[in-house]
Amino acid sequence: KAGVTQTPRYLIKTRGQQVTLSCSPISGHRSVSWYQQTPGQGLQFLFEYFSETQRNKGNFPGRFSGRQFSNSRSEMNVSTLELGDSALYLCASRRAPSLSHRADTQYFGPGTRLTVL
Amino acid sequence: DAKTTQPPSMDCAEGRAANLPCNHSTISGNEYVYWYRQIHSQGPQYIIHGLKNNETNEMASLIITEDRKSSTLILPHATLRDTAVYYCIVRVEDNQGGKLIFGQGTELSVKP
């Protein structure tokens, strides 16, 4: 079974631009989460989508947004890029949010390395 | 904030067992402990998870103390390819299905 795929793998943008990153989950997985990883802050949760709806959100400004399509693929968008947005952006998928508190493992993609100049 | 505390770094000799400790003293009764590892800024790789019983799979064993305030990940025969940052995570449960809150992890160096 193919893993989580993310495109593009590397991206260079300049301040003020906007960027869209794409994530395709593992087949059969309907939940997609996004994380930002920087040397200073580590891995931070951005948001999670399930059934085309945002289910959970971390503490990031409104410049960070996302969406999910009917085939479970997800995109995240960052508008008005800042130098501090340079990071590795990771996508993770799981079958579904675990409303019954049953463990449900997330599997990560390879990430998109975004550099803002 | 992360609910786990890990040593920032550890060394292990190749072929020996690597025992990575984690403290999670504020864990709630229905919160699972997960372990992931990350190699060279690739995406984190799932290793194992547990609630209160010890768990074993083809990669590692997870030992959780009876009071659930700490756990240990054991890599039985460490190889050079096990050099990575290991994250111990308590999955925070909320009414949206839970989320992973990563801490700083332990950087494990396996040496020849």
Side-chain angles (χ1 to χ4, degrees), chain A residues 3-6 9-10 23 25-26 29-51 53-60 86-115, chain B residues 1-6 8-9 24 27-55 57-60 62 64 68 71 84-107:
Chain A
V4 177
T5 58
Q6 292 187 246
R9 294 292 311 277
Y10 302 91
C23 171
I26 292 171
H29 286 195
R30 297 167 59 200
S31 164
V32 172
S33 296
W34 288 90
Y35 294 80
Q36 181 197 66
Q37 185 173 29
T38 60
Q41 300 297 320
L43 259 158
Q44 294 186 286
F45 172 77
L46 278 157
F47 30 64
E48 178 177 24
Y49 284 85
F50 174 69
S51 293
T53 302
Q54 188 179 89
R55 304 270 311 174
N56 219 333
K57 190 176 187 305
N59 294 325
F60 278 82
S86 294
L88 180 67
Y89 289 89
L90 293 156
C91 166
S93 76
R94 56 176 169 168
R95 286 193 300 272
S98 176
L99 299 178
S100 65
H101 302 295
R102 176 180 57 83
D104 204 347
T105 303
Q106 291 189 30
Y107 296 92
F108 284 81
T112 294
R113 172 75 61 185
L114 172 65
T115 301
Chain B
D1 289 341
K3 298 182 72 170
T4 61
T5 305
Q6 299 176 254
S9 63
H24 31 80
I27 194 170
S28 299
N30 61 354
E31 291 177 334
Y32 283 77
V33 178
Y34 280 77
W35 284 83
Y36 284 78
R37 71 182 184 183
Q38 189 173 28
I39 300 171
H40 294 308
S41 291
Q42 300 173 17
Q45 176 189 22
Y46 166 76
I47 301 173
I48 199 167
H49 72 271
L51 182 62
K52 53 185 175 183
N53 298 320
N54 298 338
E55 303 287 344
N57 63 21
E58 64 279 2
M59 288 183 69
L62 174 61
I64 303 175
R68 301 208 330 119
S71 60
V85 177
Y86 287 77
Y87 294 99
C88 169
I89 302 155
V90 169
R91 198 181 81 152
V92 174
E93 296 296 335
D94 56 29
N95 60 4
Q96 299 300 321
K99 59 188 177 186
L100 300 177
I101 307 296
F102 284 78
Q104 296 303 310
T106 294
E107 186 165 5

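Because only heavy atoms are used, hydrogens play no part in the values below, and waters and symmetry mates are left out as well, while side chains stay in. Here the structure is a predicted model, which is why all the values come from computation and not from measurement. Throughout, a chain's letter reflects where its sequence line sits, starting with A, and its residues are numbered from 1.
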B/Lys52 NZ: over 12 foreign heavy atoms closer than 6.0 Å:
no
Does A/Gln44 CD have over 12 foreign heavy atoms under 6.0 Å away?
yes
Region of B/Gln45 in contact with chain A, defined by heavy-atom distances below 4.5 Å
neither
In terms of heavy-atom proximity below 4.5 Å to chain A, should B/Leu51 be classed as side chain, backbone, both, or neither?
neither
With a 4.5 angstrom heavy-atom cut-off, which part of A/Gln106 approaches chain B: side chain, backbone, both or neither?
both
Roughly how far, to the nearest 0.5 Å, is the OG1 atom of A/Thr105 from the CD1 atom of B/Ile48?
10.5 Å
Ignoring hydrogens, what is the shortest heavy-atom contact between [X] and [Y]? Give both atom names and the distance.
X	Y	result
A/Leu88	B/Gln42	CD2-O, 4.5 Å
B/Leu100	A/Phe45	O-CB, 4.3 Å
B/Arg91	A/Arg94	NH1-NH1, 2.8 Å
A/Leu90	B/Pro44	CD1-CD, 3.8 Å

